[in-house]
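Order of the sequence lines sets the chain letters (A, B, ...), proteins ahead of strands, with each chain counted from 1.
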Protein chains: 2
Amino acid sequence: MPKQVDHDERRREIGDAVCRVIAARGLDTVSLRHVAAETGVSMGRVQHYFATKDEMLMFAFDLISERVEARLGAVHSDDPATYLRAILLELLPLSPAARAEAPVLAAFLAQAVVEPRFAEVLRRGNDEMVVWLAGLIAAVRPGGDPKRDAAALLAFADGLMLQVLIGQVSPEAAEELVDHQLSLVLTRSRHTGSGTRSDSSPARA
Amino acid sequence: MPKQVDHDERRREIGDAVCRVIAARGLDTVSLRHVAAETGVSMGRVQHYFATKDEMLMFAFDLISERVEARLGAVHSDDPATYLRAILLELLPLSPAARAEAPVLAAFLAQAVVEPRFAEVLRRGNDEMVVWLAGLIAAVRPGGDPKRDAAALLAFADGLMLQVLIGQVSPEAAEELVDHQLSLVLTRSRHTGSGTRSDSSPARA
DNA sequence: TGTTTTACGATGCGTTCGCATTGCAAAACG
DNA sequence: CGTTTTGCAATGCGAACGCATCGTAAAACA
């Protein structure tokens, strides 16, 4: 046999190329030939490490998921409010690493709308995030409904990520929006009731 | 010539089929043949009304954009807070119409990340929304930074739309989150400062 | 050292794609 | 009423696709 090769390492190389293709031109432009070219190897090699295109895409999905997770896990702070802020900012395409990964996440997020297999993985990750963030929120501001606040913050962060990606919101503005949103969530929100309804009309025409 | 036909009507029929294909199986599965089959006509007809696939997709994009706009325009209320709430809820896949359009929007949103032509249109629509919502916010709660609040609400709504689409958040929970978020934004937020920073450490590891 | 096994490059196959071309029935128009 | 124009179906073409197959250089193993 030829030189013993690190199987997982090779797979990561190819998976990384898949992510680059997705980030540069979209999930639908991923083909075995493009990925091979991006990796700088032959198509046969790609096929050697992935039986099907689908398996390759799933691997790439797991790969960026792990990377985002690692990036989030590397965030630390003793102060829960600072910690929370740092985590939210890490979800946005602000750092070079996040800027590289966010378009890939966005592509898989959209694909999850029509492919339940992706959606399931995303839901699991999001559920973990809700629990995590809720703990931090409760530490900063006891009482209220920390899980609800966490879910709202995550929706906000996801939407903001996309807005930054399409150039709707600048990185600086995004950071300011995060700070503002955090100040809203962390300062009060004691009540558990339904919120804002200020009259009883059906509000639709 | 054969029976005079309403050109725009035919184009809308086909564009509608494009949206259905996108919603059911994703933007990348759109092909002239699939669209023709979905419309129940021959491929030649599709080609007769759209010179290129790209033109067809752009038309479909404009089509759902107009529909969402129409849906938002149909919302009315005398009370600004109720009005604002109704608009935000209309952005979520809660009604049957919105449930049909949201997956299409999500697909184009993701495509906009790698195709600037889509991004530009989305940015314009979003800018209008910011101005619109900011006016309502200012009417409910004078002072503060209504444009910032509007931008934050839109990011929140976009993210929440996706979370509902992937089954992460139920429609009922989404409605409650909107109410909660509105109560946060509309009740106070007087300050203009940078927000939450609670210590001076860099917050990253 | 001979054998086997591994890691690939190369090539081919059947399908599907976007798009161009062609043909023709039918109705509007002179 | 014939001519022209329009609306479309049908078909063909080259490219790209995922995937299967085959061939082979090379290293681990006996």
>> Test: salt bridge (charged side-chain N to carboxylate O under 4.0 Å, His left out). Region: residues 123-132 of chain A. Which pairs qualify, not counting sequence neighbours?
In response: E120(A)-R124(A)
>> Give the residues of residues 46-56 of chain A touching DNA chain C, defined as any heavy atom closer than 4.0 Å, sorted by residue number.
In response: H48(A), Y49(A)
> Can we say R11(B) and D62(B) salt-bridge, meaning some charged N sits less than 4.0 Å from an Asp/Glu carboxylate O?
Replying inline: no
> For A152(A) and Q181(B), which heavy atoms make the closest approach, and how far apart are they?
Replying inline: CB-OE1, 4.4 Å
>> Going by ring pair (Phe, Tyr, Trp, His ring centres under 6.0 Å), name the pairs with one or both residues in residues 19-51 of chain B, residues two or more places apart or in two chains.
In response: H7(B)-Y49(B), F50(B)-F59(B)
> Please give, in whole Å, the distance from dG18(C) C1' to M58(B) CE?
Replying inline: 18 Å
> Which residues pass the side chain to side chain contact (heavy atoms under 4.5 Å, CB included) test with L105(B), sequence neighbours left out?
Replying inline: I64(B), V68(B)
> Can you name the side-chain hydrogen bond (donor to acceptor under 3.5 Å, both in side chains) partners of T52(A), sequence neighbours left out?
Replying inline: none
> Pairs in or reaching into residues 101-112 of chain A: which pass side-chain hydrogen bond (donor to acceptor under 3.5 Å, both in side chains), with residues at least two apart or in two chains?
Replying inline: R71(A)-E101(A), Q111(A)-E115(A)
>> Expressed as a whole number of angstroms, how long is the span from R11(A):CZ to dC8(C):P?
In response: 13 Å
>> If you compare all heavy atoms of M129(B) against all heavy atoms of I87(B), which two are closest, and at what distance to 0.1 Å?
In response: CE-CG2, 4.2 Å
> Does dA16(D) have OP1 or OP2 sitting under 4.0 Å from an N or O in the side chain of S31(A)?
Replying inline: no
> Does a side-chain N or O from R10(B) land closer than 4.0 Å to OP1 or OP2 of dC8(D), or not?
Replying inline: yes
> Is there any ring pair (Phe, Tyr, Trp, His ring centres under 6.0 Å) pair reaching into residues 103-128 of chain A, and which pairs are they, with sequence neighbours excluded?
Replying inline: F61(A)-F108(A), F61(A)-F118(A), F108(A)-F118(A)
> Between residues 14-28 of chain A and DNA chain C, which residues have a heavy-atom gap below 4.0 Å?
Replying inline: none
> Taking CE from M43(A) and C1' from dC13(C), how many angstroms apart are they, rounded to a whole number?
Replying inline: 12 Å
> If you look at every heavy atom in L186(A) and A81(A), which pair is closest and at what distance?
Replying inline: CD1-CB, 4.4 Å
>> Using whole Å, what does the distance between atom P of nucleotide dT6(D) and atom CG of D6(B) come to?
In response: 16 Å
>> At a heavy-atom distance below 4.0 Å, what parts of residues 32-39 of chain A sit against DNA chain D?
In response: L32(A), R33(A), H34(A)
For nucleotides 22-24 of chain C, which of its nitrogen or oxygen atoms have a protein nitrogen or oxygen under 3.5 Å away, and what is each distance?
none

> Under the side chain to side chain contact (heavy atoms under 4.5 Å, CB included) criterion, do E66(B) and R12(B) qualify, and how do the steps go?
Replying inline: CA-CA 12 Å; E66(B) 281 167 20; R12(B) 257 182 279 116; over 6 Å; no
Indicate every side-chain donor-acceptor pair of residues 14-25 of chain B with a distance under 3.5 Å to a residue at least two apart or in another chain.
{"residue": "D16(B)", "atom": "OD1", "partner": "R67(B)", "partner atom": "NH1", "Å": "2.7"}
{"residue": "D16(B)", "atom": "OD1", "partner": "R67(B)", "partner atom": "NH2", "Å": "3.2"}
{"residue": "D16(B)", "atom": "OD2", "partner": "R20(B)", "partner atom": "NH1", "Å": "2.8"}
{"residue": "R20(B)", "atom": "NE", "partner": "E38(B)", "partner atom": "OE2", "Å": "2.7"}
{"residue": "R20(B)", "atom": "NH2", "partner": "E38(B)", "partner atom": "O", "Å": "3.3"}
{"residue": "R20(B)", "atom": "NH2", "partner": "E38(B)", "partner atom": "OE2", "Å": "3.3"}

> Residues in side chain to side chain contact (heavy atoms under 4.5 Å, CB included) with D6(A), at least two apart?
Replying inline: D8(A), E9(A)
